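Have a look at the structure below, then the notes.
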Amino acid sequence: MVNLTPKAIESVMSGDLNLKPVVQVLEIKLIANSKDRYRILVSDGVSTQQALLATQLGDRVRDGILRRGSVVQLIEYICSTVQNRKIIVVLNLEIIITEWEIIGNPKPCPGAESISQKTTDNENVMQSKGVSLNGSSSSVPPPRVRTNSRMNNSNNAPNFGPVVQPSYKPPPSYKSHGAITKNEAPARIIPIAALNPYQGRWAIKARVTAKSEIRRYNNARGDGKVFSFDLLDSDGGEIRATCFNAVVDRFFEVVEVGRVYLISKGSLKPAQKNFNHLKNEWEIFLEATSMVEPSPDEDTSIPQQQFDFRSIDEIQNVENNSIVDVIGIVVSVNPSVTILRKNGLETQRRILNMKDISSRSVELTLWGEFCNREGLELQQMVDSGFSPVLALKAGRVNDFSGKSIGTISSTQLFINPEFPEARRLRDWFDTGGKDASTHSISRDVAPGTKQNEIRKWVSQIKEDGLGRIR
DNA sequence: CCCCCCCC
């Protein structure tokens, strides 16, 4: 016997975010023009309601463990407004039963699809982009499950009055002031993970973890300037924000790495995966009307950085060109050398070695400015007999003669950082790890081809000078 | 609307 949470839909839609109800999934559809975002219909046995699955839950659909008939517990969710309709955005859920017969004879929750009357322009814009969230461009839904069409509901469903920012439950004191108009109420702060282009008003509260320089460009589409910065929120969601031209002037000085901001009124575009390695399929584009305001409180629930450390042992099996975080002890640092790039420009290169508890070591190649900033500092430490901890955020794995790691422009290096992993590594190193035998996953890992052996010799000679070759 | 992620 399965018990769905009574009145779950009603409670969630009226703003109860702590209920964590058990509901049944009646329908799952891929959102039009999306590769991995799903719209689902959930039921409490009496009422049904549309919901969006956060991207990170898509795997469960693709893996087949979340499907039509699944009984799930909604763990983290928010109510949001998409195309003027209230919708649940599910950020996390637990699957109770993968498949169960449809429970009860649930009907669409009344009021959930009410439409405010002044927003048809916005809808047209959404539709002209081919975005469909109401199933109108999808195949006909199965007979058992009624898909709510906007027309049906605006005409027939009971209307609970004008829906104004339904996701925002106004505090009681607002009620005596009459209707809230679109421009008055502050947008609700939502998790970064819930951001998507189909959403109307939103705000996020997030810490800036990285900030680019201003880059000027001149191409077929014209010239201009651009900069971007990366954001992290208290739920661990991350997203990049990008500004162009006049918007650069407006926000470049305002945005500081490490500070927390309230950000709203940007537009969401698909992330450029080639250049943006954050775990988010969207990117925020800030515009002239966007808001980027320092948060009045220093939100300590948002860490300064978020890492996903891989042990060096794991790096061996990581795909070439992957972007990874690594933490290790720097055991050697080579001098900085000047490299002539294929494009004719010169750059600096410095190779160092780091080892970790997996008793593996790896070569890290620092490029450009990293050589004379962190690289020099590391070299001085190692030269003076101290082996520092180095945390590397966003290094790029390459597989020339074994696996090694290189810096890219968005790499960040942290020398002797404070966090627990660093402490753990330090303790390990100081209590025997220093002398533990280490196997390098770089250069001499595989026997390699004759070609590779020769290349290795040549590069070693260039690296160390002839003095060390006997 | 930008952008090469460098070398053997």
Side-chain angles (χ1 to χ4, degrees), chain A residues 197 210-230 239-252 266-278 282-288 290 320-324 334-353 363-372 375 392-413 440 442-446 448-465 469:
Chain A
K211 175 186 173 183
S212 81
E213 294 301 308
I214 297 174
R215 194 174 51 249
R216 288 165 202 283
Y217 60 90
N218 187 315
N219 60 26
R221 289 178 175 169
D223 58 354
K225 57 185 176 181
V226 60
F227 94 104
S228 60
F229 54 99
D230 296 345
I239 194 164
R240 177 163 293 178
T242 300
C243 307
F244 287 92
N245 303 319
V247 188
V248 173
D249 298 330
R250 190 175 154 85
F251 294 128
F252 186 79
S267 60
L268 285 136
K269 306 265 172 71
Q272 301 290 304
K273 286 291 181 186
N274 288 348
F275 313 111
N276 175 354
H277 313 294
L278 300 184
W282 308 112
E283 204 168 302
I284 297 172
F285 280 60
L286 294 174
E287 289 138 5
S290 297
N320 202 20
N321 296 331
S322 300
I323 304 299
V324 296
N334 289 5
S336 195
V337 294
T338 301
I339 297 288
L340 183 62
R341 292 172 53 186
K342 285 168 185 160
N343 66 8
L345 297 175
E346 284 188 346
T347 187
Q348 295 296 110
R349 187 197 67 185
R350 191 197 277 276
I351 293 176
L352 56 81
N353 265 281
E363 264 186 13
L364 170 63
T365 304
L366 306 184
W367 292 101
E369 283 302 299
F370 286 113
C371 296
N372 298 324
L392 168 86
K393 174 135 186 89
R396 188 169 186 265
V397 174
N398 61 70
D399 67 353
F400 177 78
S401 179
K403 288 275 161 112
S404 57
I405 303 173
T407 62
I408 56 175
S409 62
S410 54
T411 296
Q412 288 178 285
L413 299 176
S440 175
S442 308
R443 289 179 188 260
D444 50 4
V445 65
T449 60
K450 194 143 204 169
Q451 277 295 353
N452 258 356
E453 291 301 310
I454 293 166
R455 262 188 287 196
K456 209 162 74 184
W457 270 96
V458 172
S459 72
Q460 203 68 49
I461 291 165
K462 284 187 182 171
E463 191 78 38
D464 301 341
I469 308 294

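Owing to the predicted nature of the structure, the values given are computational and were not obtained by experimental measurement. All values below come from the heavy atoms of this structure, side chains included, with hydrogens, waters and symmetry mates left out. Letters A, B, ... are given to chains in the order of the sequence lines, protein chains preceding strands, and every chain is numbered from 1.
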For A:Asn245 and A:Lys225, indicate whether the former's side chain and the latter's backbone hold a donor-acceptor pair under 3.5 Å.
yes

Tell me what A:Phe285 touches on the nucleic acid: a base, only sugar-phosphate, or nothing, going by heavy atoms under 4.0 Å.
base

May I have the distance from A:Phe370 (atom CZ) to B:dC5 (atom C1'), rounded to whole angstrom?
11 Å

Listed pairs under 3.5 Å, donor-acceptor, residues 335-348 of chain A side chains, sequence neighbours left out:
unit_1	atom_1	unit_2	atom_2	d
A:Ser336	OG	A:Gln348	NE2	3.0
A:Thr338	OG1	A:Gln348	OE1	2.9
A:Asn343	OD1	A:Leu345	N	2.8

Would you indicate what A:Arg221 reaches in the nucleic acid, counting non-hydrogen atoms under 4.0 angstrom: base, sugar-phosphate, or nothing?
sugar-phosphate

Which whole-number value in Å describes the distance from A:Asp230 CG to B:dC2 C1'?
14 Å

What contact category does A:Lys225 fall into here, base, sugar-phosphate, or nothing, at under 4.0 angstrom with non-hydrogen atoms?
nothing

Can you tell me the distance, in whole Å, between the CG atom of A:Leu286 and the C1' atom of B:dC1?
14 Å

Mark yes or no for whether A:Lys211, through its side chain, and A:Phe252, through its backbone, hold a donor-acceptor pair below 3.5 Å.
yes

Any side-chain N or O of A:Arg396 under 4.0 Å from OP1/OP2 of B:dC6?
yes

Distance in angstrom units between A:Asn320 CG and B:dC5 P, rounded:
12 Å

Just checking, is any N or O donor in the side chain of A:Arg396 or A:Asn321 under 3.5 Å from an acceptor N or O on the other one?
yes

Does the structure show A:Tyr217 stacking with B:dC1, if we require the centres to be closer than 5.5 Å and the planes to be within less than 30 degrees of parallel?
no

When the distance from CZ of A:Arg216 to P of B:dC2 is rounded to whole Å, what number comes out?
15 Å

Selection from B:dC6, B:dC1, B:dC3 that lies nearest to any side-chain heavy atom of A:Phe244:
B:dC1

Report the distance from atom CD1 of A:Ile351 to atom C1' of B:dC6, rounded to the nearest whole Å.
12 Å

Any residue meeting side-chain hydrogen bond (donor to acceptor under 3.5 Å, both in side chains) with A:Asp399, in chain and number order, not counting sequence neighbours
A:Asn320

For the pair A:Thr411 (side chain) and A:Ala394 (backbone), establish whether a donor and an acceptor sit closer than 3.5 Å, ignoring hydrogens and angles.
yes

Euclidean distance, atom CZ of residue A:Arg341 to atom P of B:dC4 [Å, nearest integer]
10 Å

Closer than 4.0 Å, any side-chain N/O of A:Asn343 to the OP1 or OP2 of B:dC6?
no

Among B:dC6, B:dC2, B:dC4, find the nucleotide with the atom closest to the side chain of A:Trp367.
B:dC6

Given 3.5 Å as the limit, does a donor-acceptor pair link the side chain of A:Thr242 with the main chain of A:Ser228, or not?
no

Starting at CD of A:Gln348 and ending at C1' of B:dC6, how long is that distance when rounded to a whole Å?
12 Å

A:Glu287 near the nucleic acid: base, sugar-phosphate alone, or nothing, with a heavy-atom cut-off under 4.0 Å?
nothing

Name every residue in residues 266-276 of chain A that has at least one heavy atom under 4.0 Å from any atom of DNA chain B, in order of residue number, or write none if there are no such residues.
A:Phe275

